[in-house]
There are 2 protein chains.
Amino acid sequence: MRPQKVQDHEVLTALTKVFRAKGFEGASLKEIAQETGLKKASLYHRFPDGKKQMAEAVFNHVDEWVVTNIFKMLINEDLTPEERLGKGIKNISSLYKGGSESCILRTLSMQIGMELFGMQIQTGMKEWINHFEKLGLAFGLAKSEANKNAVQTLIEIQGSLIVSEGLADQSVFEKTLKRIKNRYQNI
Amino acid sequence: MRPQKVQDHEVLTALTKVFRAKGFEGASLKEIAQETGLKKASLYHRFPDGKKQMAEAVFNHVDEWVVTNIFKMLINEDLTPEERLGKGIKNISSLYKGGSESCILRTLSMQIGMELFGMQIQTGMKEWINHFEKLGLAFGLAKSEANKNAVQTLIEIQGSLIVSEGLADQSVFEKTLKRIKNRYQNI
DNA sequence: GTCTATACTCAGATAGAC
DNA sequence: GTCTATCTGAGTATAGAC
């Protein structure tokens, strides 16, 4: 009945921020409370199943962003294949802040355990492959080539994030995105 | 004074097993005690600085294995470049159990935080690149090409581990190793 | 060196007033 | 819906006997 002190989307933003920075176990309710501006008990009012549910909300939130800004972009028939590629890559770069932020979906799923997110991660990865495969087809690749290409693209994105972080050198990620782009353009 | 109930290397093996399976935070001292066969207090006798020190020991243990079985293999002058490549790749496969196990060094460093392992991870990655670069040179690549190739190799190894795990499909990792192998052989 | 028993800390979670 | 206050359990870590 009482008015919400903080809007849902603000809570979600704060949650995403904390989980991204600290991971699942590393993010304490205390910190989450500070960041969201809500007390612990209030958080439990909004997320009766506790911390896991909060992580789940973040997971779905990010997932939705990816669908909207990357998947749909890659198959948008209103754009030329070149345009789809360009915007898709651009949004991937922005999702990972140019390589400075790791993949939050991977982090969360690793730390919470595959019980909760395993299937969603698997489905999500298949979607990445699926959509890049469609892009490959649009560029004129045969189906099996397009698939190989898509898997390779996913591997390179994830791998370059790891290496960028490890070396503390974002240029690794940037170069990888360029490499991916070139591979499609040179078909 | 009293004889060790469990040998150091056995403790190390057990520690590695637990940390690999559960990660740093996920591995409780209770479980570590069960797995090693030592009580908690005894563990603290051997590792006065506690859990972090245990993780450190595991980290160094794995690191040493990599140096011996992969790095040294890649630059072993008693072997032809083809042989170095073959044995190196084979040992990489065995390190990650054919793609079924994730990179424990990455897991540990992520969860403990970069304060403790950040520099070692960075140094370690540079060594990976450094040694694959030397392999590329041995295959006749120019220095800058050899370097690009080495970075790409590291990216693909790490990325394919992620994707293999996510899709629950080890063949992704296997195929990537083959791809890497072919790339060197076709120079 | 190893053990039993215990201390300490802090996390996640809940009760109930407002 | 939000809050203060509290509970409960698990985790790391220690003390001190053997």
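Proteins get letters first, then strands, A, B, ... in listed order; numbering begins at 1 in each.
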Write down the distance between CG (B/Leu29) and C1' (C/dC3), rounded to a whole number of angstrom. 16 Å

State whether B/Glu174 and B/Arg179 are salt-bridged, where the test is any N-O pair (Lys NZ or Arg NE/NH1/NH2 against Asp/Glu carboxylate O) under 4.0 Å. no

Under 4.0 Å between any heavy atoms, over every strand shown, what does A/Ala27 touch: base, sugar-phosphate, or nothing? Just pick one. sugar-phosphate

When B/Lys40 and B/Gln4 are each assigned the nearest nucleotide of DNA chain C, the 5'-most assignment goes to B/Gln4

Using atom CD1 of B/Ile112 as one end and atom P of D/dT12 as the other, report the distance to the nearest whole Å. 12 Å

Going by atom types alone, do A/Asp8 and A/Gln4 pair a side-chain donor with an acceptor below 3.5 Å? yes

Please report the distance, rounded to the nearest Å, between CG in A/Asp8 and C1' in D/dG1. 12 Å

Is there a side-chain contact between A/Glu25 and B/Phe24 in this structure, where contact means two heavy atoms from C-beta onward sitting under 4.5 Å apart? no

Under 4.0 Å, counting only non-hydrogen atoms across every strand here, what does A/Lys5 touch: a base, just sugar-phosphate, or nothing? sugar-phosphate

Find the distance A/Gln34:CD to C/dA11:P and express it as a whole number of Å. 10 Å

Nearest whole Å is fine: how far is D/dT2 C1' from A/Ile32 CD1? 17 Å

Students often get this wrong, so: under 4.0 angstrom with heavy atoms, is B/Ser42 touching a base, only sugar-phosphate, or nothing? base

For the student: nearest non-hydrogen atoms of B/Ala27 and B/Val18, plus distance: CB-CG1, 3.6 Å

Distance, rounded to the nearest Å, where A/Lys30 contributes NZ and C/dA13 contributes P: 17 Å

B/Leu43 CG - C/dT2 P separation (whole Å): 9 Å

Classify the nucleic acid contact of A/Lys39 as base, sugar-phosphate or nothing, counting any heavy atom under 4.0 Å across all strands shown. base

Checking contacts here: which listed nucleotide (C/dA15, C/dT4, D/dG1) is nearest the side-chain heavy atoms of A/Arg46? D/dG1

Pair B/Arg106 + A/Glu165, salt bridge at N-O below 4.0 Å: no

Check the distance between D/dG11's C1' and B/Tyr44's OH and give it to me in whole angstrom. 9 Å

